[in-house]
Amino acid sequence: MAPLRNGEIADLFDLLGDLYELDGAVVYRVLAYRKAAKRFRETAESVWTLSEQGRLTELDDIGDTIATKVGELRETGTMQALEKLRGRVPESLVELVRLPGLGAKTARKLWQELEITTLAELEAAARDGRLRELPGFGERKEQQLLAQLEAGAAPRKRVFRLDQALELARTVLEPLRAHPACERADEAGSLRRRAESVGDVDVIAASADGPALTAWLVAQPFVAEVIGQGATKASILTHNGVQLDLRVVPLASYGNLLQHFTGSKGHNVRMREDAQRRGMSVSEWGIEDTETGEVFRTPDEDEVYRHLGYEPIPPELREDNGELELARRGALPELVELGDLRGDLHMHTDWSDGKHSLLDLVEAARAHGHEYIAVTDHSAGVGMGIGLEADGVRRQIEAVQRVRETLDDGFALLAGCEVDIMGDGSLYLPDDVLAELDWVVASLHVAQRQAPDRITKRLLAAAEHPCVDVIGHPSGRLIGEREGYEFDVEAIVAACAANGTFIEINAQPHRLDLRPAHARLALAAGVKLVISTDAHRLAAIDYQELGVFMARRAGATKDDVANTRPLAELAALRKPGRAVRA
Ligand SMILES: [Zn+2]
Ligand SMILES: [Zn+2]
């Protein structure tokens with residue numbers, strides 16, 4: 001059969017996982033298939049080819065069982081396990097499992113007790129009031145579900161995250177820039193503006209020989225399918241199902257075109273209207289003086305802005321949020337940069353669910369150039385048998401102390417904790433334990449489905465707690481999976497401002513939480529942000545860059561971010577009594 005793309009293989013493994021779950025299989029098996037699907041989706045090389053070469057188990061999370069199944073898929077066009085399950089479980093049930101807030105257990109009950117197997121049947125049953133008969137359902141949940149279905153709730157969409165898009169862009173841009181026919185090349189579109197997720201990846205290049213570059217692109221190993229190829233444009237699909245468009249333009253107008261294709265649309269429309277009022281007409285090819293007919297073209301994007309009377313605007317700010325007015329007055333904020341950060345204040349070790357030891361983390365952080373870090377393993381309130389009880393926290397404080405005694409180069413190691421904000425708004429650990437810690441992140445992991453006012457009350461209680469330094473991943477969103485709980489952002493931001501509580505920008509690529517729009521509110525209220533990686537493995541130390549992009553999208557300066565300061569200066573911003581003993 002024709003080779004399947006990575007995304008297609010991943011879809012089959014997701015299906016396998018969902019069907020197994022509906023069939024009541026043990027959890028680890030279901031998780032193994034989902035992990036495999038995720039890994040396939042994120043692999044740049046062709047999974048099909050790797051399987052042909054017998055190299056599939058070189059990928060993380062892929063063992064012999066999965067590799068064998070992919071081999072079977074190549075040879076037979078399907079998988080025996082999948083066919084068997086299809087005979088037992090109606091495949092349309094998968095749509096139900098993928099509805100937000102409705103898991104496999106419920107879907108199984110709906111099927112076996114009410115014979116519901118499709119979204120249409122589910123909606124009809126909700127309308128007839130038949131769902132409330134199911135144990136654990138109730139009238140409120142029925143109404144919620146109906147409202148959701150009527151609002152067009154669709155199964156989760158797959159999105160391409162910023163970190164994945166950046167990686168793809170780097171894979172393309174590095175060799176492209178080295179190509180003898182290429183004079184300049186950059187990513188454009190929402191990726192260049194560092195949006196949290198992107199639909200496709202746009203690349204633009206300056207060259208006098210377009211056909212050479214489009215021919216180069218379609219021959220690259222990451223290309224699964226060529227959608228179109230011309231003299232100045234080529235579109236391809238990668239093995240992980242992302243569309244990448246390359247546009248080749250003349251160097252003389254490169255700055256104009258880069259500005260145009262970076263967007264956003266709203267930003268460009270406002271800029272053109274503004275130019276018109278000043279007797280200029282802006283197109284992607286140049287800026288025409290409407291009186292003289294003279295056209296201004298430039299290879300340098302900054303010159304486009306200067307010609308129109310603005311200071312150059314960083315791509316992260318081009319969202320039509322008032323940036324043009326600021327640029328006109330020369331009053332744009334000087335945005336925070338990756339190099340400004342001095343430490344990381346949310347990191348896990350194998351004391352909870354991190355993958356590495358305390359010592360390895362300290363070594364990696366020092367090698368990275370950090371001046372300080374806080375070790376913030378979970379409290380046991382997170383559940384799933386993961387976190388620390390009070391005595392465990394005290395033992396870890398001692399362990400941190402012992403490591404600290406070996407540090408003689410000024411590197412500061414803070415004993416911290418990511419304490420859970422429980423369903424009633426209390427913190428999982430007693431106050432006397434929290435008071436012994438150098439750094440406390442308070443996060444909400446449990447009871448996320450409470451009504452917005454209850455969530456708000458819990459976050460307020462945490463913000464007002466004298467031992468809490470920062471609210472971790474404040475909205476609980478998971479990019480491409482869930483929006484996060486609703487809460488009164490302005491109330492939380494006001495409470496943080498009043499109490500001197502920091503707010504985190506969590507740089508995990510699937511979180512990027514606080515989101516930029518909310519971070520703007522925080523900055524307007526005078527709250528300082530903390531950019532943290534929430535690292536669970538050493539490679540995650542590099543995620544700080546993603547957090548910096550979010551802060552820049554919010555218009556944050558170096559001063560707005562607490563962990564750009566040396567530790568002693570950061571201490572001065574903290575709540576009374578929250579001094580660092582390090
Ligand atoms: Zn957390
Ligand atoms: Zn964490």
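In listed order, ligands and their atoms are each counted from 1. Values in this document were obtained by computation on a predicted structure and should not be read as measured data.
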>> Which atom name would you report as the N, O or S atom of H346 nearest the Zn ion (ligand 2)?
In response: NE2
>> Donor-acceptor check, side chain of R342 to backbone of Y372, threshold 3.5 angstrom: yes or no?
In response: no
> Does H348 bring an N, O or S atom to within less than 2.8 Å of the Zn ion (ligand 2)?
Replying inline: yes
>> Let me check your reading of the structure: within less than 2.8 Å of the Zn ion (ligand 1), is there an N/O/S atom from H378?
In response: no
> Between the side chain of T456 and the main-chain N/O of D488, is any donor-acceptor distance below 3.5 Å?
Replying inline: yes
>> Just checking Q448: does its CD atom have more than 12 heavy atoms from other residues, nucleotides or ligands closer to it than 6.0 angstrom?
In response: yes
> Closest N/O/S atom of E418 to the Zn ion (ligand 2), by atom name?
Replying inline: OE1
>> Please name the atom of H445, limited to N, O or S, that comes nearest to the Zn ion (ligand 1).
In response: NE2
>> In terms of relative ring orientation, are F487 and H518 parallel, tilted or perpendicular, with 30° and 60° separating the classes?
In response: perpendicular
> In terms of heavy-atom contacts, does CD of Q143 have more than 12 from other residues, nucleotides or ligands at under 6.0 Å?
Replying inline: yes
>> Below 2.8 Å, can you find an N, O or S atom of D534 next to the Zn ion (ligand 1)?
In response: no
